[in-house]
Amino acid sequence: MKDSKLYIENSLTRQKELFTPLNPGFVGMYVCGPTVYSDVHLGNCRTFVSFDIMYRYLLYLGYKVRYVRNITDVGHLLDDGEDRMSKGAKADNLEPMEVAQKYSNGFHQMMSVFNVLPPSIEPRATGHIIEQIEMVQSILDNGYAYEANGSVYFDTLAFAKDHNYGELSGRVIDELLAESRDNLKHQGEKKHPSDFAIWMKADENHLMKWNSPWSVGFPGWHLECSAMSTKYLGKTFDFHGGGNDLKFPHHENEIAQNMGACGCTPAKYWVHTNMLLMNGRKMSKSDGNTISPGELFTGDSVHVTKGYSPMVVRFFMLQCHYNSTLDLTDGGLAAAEKGYHRLFEAYKHLQALETEGGDGAINATINGLLDQAFDDMNDDFNTPKALSRLFEVVTLINKLVDGHENVNDLTEATLQRMQSDFHALLFDIFGLKEHESSSSDHDKMDGLMELLLDLRAQAREQKDWGTSDKIRDQLAALNIVVKDGKEGTSWTINS
RNA sequence: GGUCGCGUGGCCGAGCGGUUAGGCAGAGGUCUGCAACACCUUGUACGGCGGUUCGAAUCCGUCCGCGACCUCCA
């Protein structure tokens, strides 16, 4: 276990707090996953990349982390009262489970493309109907819910007498009443407009329904997370995350349900990630201001001039703190792409550096920057700041490579630390990776390029600039950049 | 209308009471047959107006502008 103090901005208290797990050395972490009724969109990806960084950093610090991220495959109602999964199923003439499977597969594939680590447990709402029914019963037994026509509603007024409802989102129950007074007539079975369903009676054509003590029906949306987090992490656990659009009503109601069922607050630290915008506006599926991950990778969209690789997009996300809105723009991505390449070029040079070990004149500078990078990570996972330290190290690496700084001013120990910390930050914590290609392809490519550059070198010796430039230009058209340097010619592939 | 948050240099984006953020672009330079790439150096800033303070981008007030949530959303 690394000896470092991690501070996390807790949405519940709105303060940065020292992270101290309930059980030393162990972390229980729950993150609200996707509803699998259509393709993932980029905003989802940013959220899960943000939590991936946190998960990775906790692992790096040496915690044993149980990371639970659910998949919602039932219970999400649309305005017209139809279930999202059912709607998707009817539209494509599929079983609801086929819809869930199809989009779960797509989701997993996209997470893998973004190099997001899989969670330890990925429970599904439909696989935990019994747990949810039991929780409804507990809440009823405790007097915080009532039954009406086969549906069960959470009684927010009764709950608010004993507990604080609205703590997370800063909402006051009287205001909730005032807000929705106009809609009272539509509320039907509810005693109070802020009450919410924890079990819904299904009508005859509803596709997804289960037996329960109250009716044939289905669980309320917020209930699954309460039931599943309790099952896998216990009644109280360390860390609960989600997009900040889930704060209300989802997380507020989740807290109420857990309190209502077991009398204790579910999570110690609540963490919310901010939204991804595009061109200054919220990305959303419903209006046109959206780009799918696939379109972003291929460049097949009016919003970008070219495609950007998944790792460039991930790097772009890292340049912004998870708690701020991030504005996706073509210019921003292009800038990120260049920075990303510069970072990785420096990383490669760093791994090749060797020192004979001198007086360590620049040790302190480098150690200071690396220390600060980790301090930044400890300060609420501040990836943009940590990255800025790394770029300062990049400048130093380049100076060492170019001879502007003497590599022998670096002791062996500091060089090794640079190499291992750089690797840890880039790959283990930030979760970046280089563009992969199969190694046999790689060998062939090397051979081919060696041949071409050999021919070109001959042409240049004979001052046959026509042939020399033709080779260089044709390769450039294939995004292979030829670099003529002091020590000969090298090449790289630009993505 | 209610709740919360944000406005930083050409662009993106940290900082949040005194010290260079960083990336991209721009400018100058090194390298090159010419280029490109790469590398080095480098300028410009904190929405307006008040206030607190020895000192404010950073705290307070106010005005303007923007966004999110309050209804399904990551």
Side-chain angles (χ1 to χ4, degrees), chain A residues 11 14 31-35 37-38 40-51 76-80 82 84 166 169-172 174-176 178-180 183 194 221 241-250 252 272-277 280-286 315-316 318-321 323-343 345-346 349 372 376 379 382-392 394-395 397-399 401-404 460 463-465 468-469 472-473 476 481-487 489-492 494:
Chain A
S11 306
R14 283 149 228 239
V31 170
C32 290
T35 304
Y37 66 101
S38 68
V40 260
H41 77 119
L42 262 181
N44 280 286
C45 296
R46 144 110 126 149
T47 299
F48 298 126
V49 165
S50 295
F51 287 114
H76 239 136
L77 291 185
L78 295 162
D79 290 344
D80 57 9
E82 192 169 13
R84 278 188 189 283
S169 57
R171 246 152 268 250
V172 181
D174 292 341
E175 288 169 1
L176 289 171
E179 278 165 29
S180 37
N183 297 327
S194 62
W221 169 38
N244 80 176
D245 51 349
L246 293 182
K247 240 189 217 176
F248 189 88
H250 184 61
E252 197 68 75
H272 288 95
T273 56
N274 216 134
M275 297 292 99
L276 178 68
L277 309 179
R281 279 167 48 224
K282 187 190 176 187
M283 278 189 92
S284 84
K285 285 181 204 171
S286 47
F315 175 82
F316 174 72
L318 289 170
Q319 281 187 302
C320 175
H321 188 78
N323 199 16
S324 301
T325 52
L326 170 61
D327 192 11
L328 188 91
T329 59
D330 191 53
L333 285 163
E337 184 173 60
K338 294 202 174 183
Y340 171 81
H341 285 303
R342 185 159 168 247
L343 187 61
E345 281 296 304
H349 285 135
Q372 283 174 336
D376 295 332
D379 184 13
N382 197 328
T383 54
K385 214 171 166 190
L387 265 177
S388 79
R389 312 292 191 193
L390 237 39
F391 271 105
E392 291 189 56
V394 164
T395 300
I397 291 169
N398 289 329
K399 282 183 181 175
V401 171
D402 288 5
H404 289 105
R460 294 181 76 208
K463 300 200 190 299
D464 178 2
W465 308 127
S468 155
D469 289 354
R472 181 220 280 158
D473 295 345
V481 180
V482 173
K483 306 175 188 181
D484 295 324
K486 223 181 272 178
E487 330 256 305
T489 303
S490 64
W491 59 279
T492 52
N494 268 4

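Per chain, numbering begins at 1; letters A, B, ... match sequence-line order.
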Subject >> Any-strand Watson-Crick or G-U partner of B:G67, both distances under 3.5 Å >> reply: B:C4
**OP:** Searching all strands shown, indicate the nucleotide that pairs with B:G18 (Watson-Crick or G-U wobble; both distances under 3.5 Å).
**Re:** B:C54
**OP:** Could you give the distance separating B:C70 and B:U53 at their P atoms, to the nearest angstrom?
**Re:** 43 Å
**OP:** Using a 4.0 Å heavy-atom cut-off across all strands, classify A:V482 as base, sugar-phosphate, or nothing.
**Re:** base
Subject >> Sugar-phosphate, base or nothing in reach of A:D469, heavy atoms under 4.0 Å >> reply: base
**OP:** Identify whether any heavy atom of A:S468 sits under 4.0 Å from a base atom; if not, whether one sits that close to sugar-phosphate; answer base, sugar-phosphate or nothing.
**Re:** base
Original post:
If each of A:L326 and A:R460 is mapped to the nucleotide of RNA chain B with the nearest heavy atom, which maps nearer the 5' terminus, i.e. the 5' end?
Top reply: A:L326
**OP:** Look at all strands and tell whether A:L343 reaches a base, only sugar-phosphate, or nothing, counting heavy atoms closer than 4.0 Å.
**Re:** nothing
Subject >> Quiz item: A:H41 side-chain donor-acceptor pair to B:A74 base, under 3.5 Å >> reply: yes
**OP:** Could you encode protein contacts along nucleotides 19-29 of chain B as a string, one character per nucleotide from 5' to 3', using B for base contact, S for sugar-phosphate-only contact and - for no contact, with a heavy-atom cut-off of under 4.0 Å?
**Re:** --BSSSS----
Original post:
Relative to the ring of A:F315, is the ring of A:F391 parallel (under 30°), tilted (30 to 60°) or perpendicular (over 60°)?
Top reply: perpendicular
Subject >> Separation between the P atoms of B:G9 and B:A45, rounded to whole Å >> reply: 10 Å
Original post:
Under a 3.5 Å cut-off for both distances, is B:A35 Watson-Crick or wobble paired, and to whom?
Top reply: none
**OP:** Tell which nucleotide pairs with B:C24, taking only Watson-Crick or G-U wobble pairs whose two distances are both under 3.5 angstrom.
**Re:** B:G10
Original post:
Within this structure, what is the NE2-to-C1' distance between A:H349 and B:C39, rounded to whole angstrom?
Top reply: 10 Å
Original post:
Just checking A:H321: base, sugar-phosphate only, or nothing, at a heavy-atom cut-off of under 4.0 Å?
Top reply: sugar-phosphate
**OP:** Classify the nucleic acid contact of A:R46 as base, sugar-phosphate or nothing, counting any heavy atom under 4.0 Å across all strands shown.
**Re:** nothing
**OP:** Kindly say whether A:K385 contributes a backbone atom to a donor-acceptor pair with the side chain of A:N382 at under 3.5 angstrom?
**Re:** yes
Original post:
Are A:K247 and B:C70 close enough that a side-chain N or O sits under 4.0 Å from OP1 or OP2?
Top reply: no
Subject >> Opposite nucleotide pairing with B:G43, Watson-Crick or G-U, both atom distances under 3.5 Å >> reply: none
Original post:
With no hydrogens and no angle check, is any side-chain donor or acceptor of A:E252 less than 3.5 Å from a backbone partner on A:G166?
Top reply: yes
Original post:
Does A:S324 put a side-chain nitrogen or oxygen below 4.0 Å from OP1 or OP2 of B:G5?
Top reply: no
Original post:
How far, in whole Å, is B:G48 from B:G26 if one measures between their P atoms?
Top reply: 28 Å
**OP:** Please measure how far the C1' atom in B:G61 lies from the corresponding atom in B:U20, and state the result in whole Å.
**Re:** 32 Å
Subject >> Spacing of the C1' atoms in B:U8 and B:A57 (rounded, Å) >> reply: 7 Å
Original post:
What is the pairing partner of B:U62, taking Watson-Crick or G-U wobble pairs with both distances under 3.5 Å in any strand?
Top reply: B:G48
Subject >> Side chain A:R472 and base B:A36 donor-acceptor under 3.5 Å >> reply: no
**OP:** May I ask whether A:W465 stacks on the base of B:G33, given the cut-offs of 5.5 Å between ring centres and 30° between planes?
**Re:** yes
Subject >> Rounded interatomic separation in angstrom, taking CG from A:D327 and P from B:C66 >> reply: 15 Å
Original post:
Does B:G5 have OP1 or OP2 sitting under 4.0 Å from an N or O in the side chain of A:N274?
Top reply: no
Original post:
Taking the P atom of each, how far is B:C59 from B:G22, in whole Å?
Top reply: 22 Å
